[in-house]
Amino acid sequence: MINPQLKGIAYWQEKEEGIIFVYTATQIKGSLRESDEGTLEWIKLEELGNISQFAMNQKFSQYLLEEGLFEGRFSLDENTNVKTYMIRKI
């Protein structure tokens, strides 16, 4: 990514806890590396609503198109479905 912009932070709790930092970029350079977590690909933000996403990501994806930062807190069930969540602008 060239000039990545931090868009948000998401905390999640299931059996374990985790945190992700969410970035966007308008320019890319280089190739994506292979991942054990699935197929990686660059997408246009406008196409975000047209792809299959992890349930938690669907909840915060609209904030990627807005100005500013978001913070999300998510409680997930054993199948990683969202039980409860709160998202706020920071």
Side-chain angles (χ1 to χ4, degrees):
M1 287 189 284
I2 299 172
N3 298 322
Q5 181 180 3
L6 179 64
K7 294 301 291 184
I9 303 167
Y11 306 91
W12 55 268
Q13 182 175 14
E14 186 190 9
K15 294 177 185 172
E16 299 178 13
E17 296 179 12
I19 182 173
I20 60 173
F21 296 88
V22 183
Y23 290 86
T24 61
T26 57
Q27 298 176 345
I28 57 173
K29 180 180 179 181
S31 301
L32 295 171
R33 297 180 184 168
E34 288 188 32
S35 170
D36 292 336
E37 296 181 21
T39 304
L40 301 177
E41 62 183 303
W42 295 111
I43 61 166
K44 295 179 181 179
L45 283 176
E46 301 81 36
E47 297 173 2
L48 191 58
N50 300 330
I51 64 169
S52 177
Q53 299 183 59
F54 180 58
M56 183 176 81
N57 296 12
Q58 288 177 331
K59 302 290 187 192
F60 67 68
S61 63
Q62 72 184 53
Y63 292 90
L64 300 177
L65 302 172
E66 298 177 4
E67 291 295 319
L69 297 171
F70 73 87
E71 174 190 48
R73 295 187 178 272
F74 299 85
S75 173
L76 308 176
D77 68 16
E78 62 279 352
N79 297 314
T80 66
N81 294 311
V82 176
K83 293 191 312 187
T84 62
Y85 72 98
M86 179 278 307
I87 300 175
R88 68 183 181 115
K89 299 283 280 203
I90 55 175

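Here, residue 1 is the first one in the sequence, and each next residue gets the next number.
A25 and P4 get closest at one heavy-atom pair: CB-CA, 4.3 Å. The minimum heavy-atom distance linking Q53 with L48 is given by the pair NE2-O, 3.2 Å.
One hydrophobic cluster, built from ILVMFWY side chains closer than 4.5 Å, holds both L6 and I28. Both F54 and F74 belong to a single network of hydrophobic side chains, linked directly or stepwise wherever heavy atoms of I, L, V, M, F, W or Y lie under 4.5 Å apart.
The CD1 atom of I9 sits 10.5 Å away from atom CD1 of I20, with the distance rounded to the nearest 0.5 Å. The CD atom of Q62 sits 7.0 Å away from atom CD1 of I87, with the distance rounded to the nearest 0.5 Å. Separating the OG atom in S31 from the CG atom in L40 is a distance of 12.0 Å, to the nearest 0.5 Å. The distance from atom CD of Q13 to atom CZ of R73, rounded to the nearest 0.5 Å, is 10.5 Å. In this structure, the separation between OG on S52 and CD on Q58 is 7.0 Å, given to the nearest 0.5 Å. Distance check, rounded to the nearest 0.5 Å: CE of M56 to OG of S61 gives 11.5 Å.
When the shell of 6.0 Å around CD of E47 is examined, it contains more than 12 heavy atoms from other residues, nucleotides or ligands. N3 CG: 12 or fewer foreign heavy atoms inside a 6.0 Å radius.
Of the possible polar contacts, none joining the N79 side chain to the N81 backbone as a donor-acceptor pair under 3.5 Å is found.
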Practice task
Could you give me the CA-CA distance, side-chain angles and deciding distance for I51 and I43, then say whether side chain to side chain contact (heavy atoms under 4.5 Å, CB included) is met?
Solution key: CA-CA 9 Å; I51 64 169; I43 61 166; 3.6 Å; yes
Practice task
Apply the test side chain to side chain contact (heavy atoms under 4.5 Å, CB included) to residues M1 and Y23: give CA-CA distance (whole Å), side-chain angles for both, the deciding distance (0.1 Å), then the verdict.
Solution key: CA-CA 9 Å; M1 287 189 284; Y23 290 86; 4.1 Å; yes
Practice task
Show your working on side chain to side chain contact (heavy atoms under 4.5 Å, CB included) between E71 and Y11 and close with a plain yes or no.
Solution key: CA-CA 8 Å; E71 174 190 48; Y11 306 91; 3.4 Å; yes
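In this structure, T80 and E14 have side chains that are in contact, with non-hydrogen atoms separated by less than 4.5 Å. At least one side-chain heavy atom of V82 sits less than 4.5 Å from a side-chain heavy atom of L76.
Put simply, the residue from T24, L69, L64, T26 that forms a side-chain contact (heavy atoms from CB on, under 4.5 Å) with Q5 is T24.
Checked against the 6.0 Å centroid threshold, F60 and F70 count as a close aromatic pair.
Remark: E66 engages K89 in a salt bridge, criterion side-chain N to carboxylate O under 4.0 Å.
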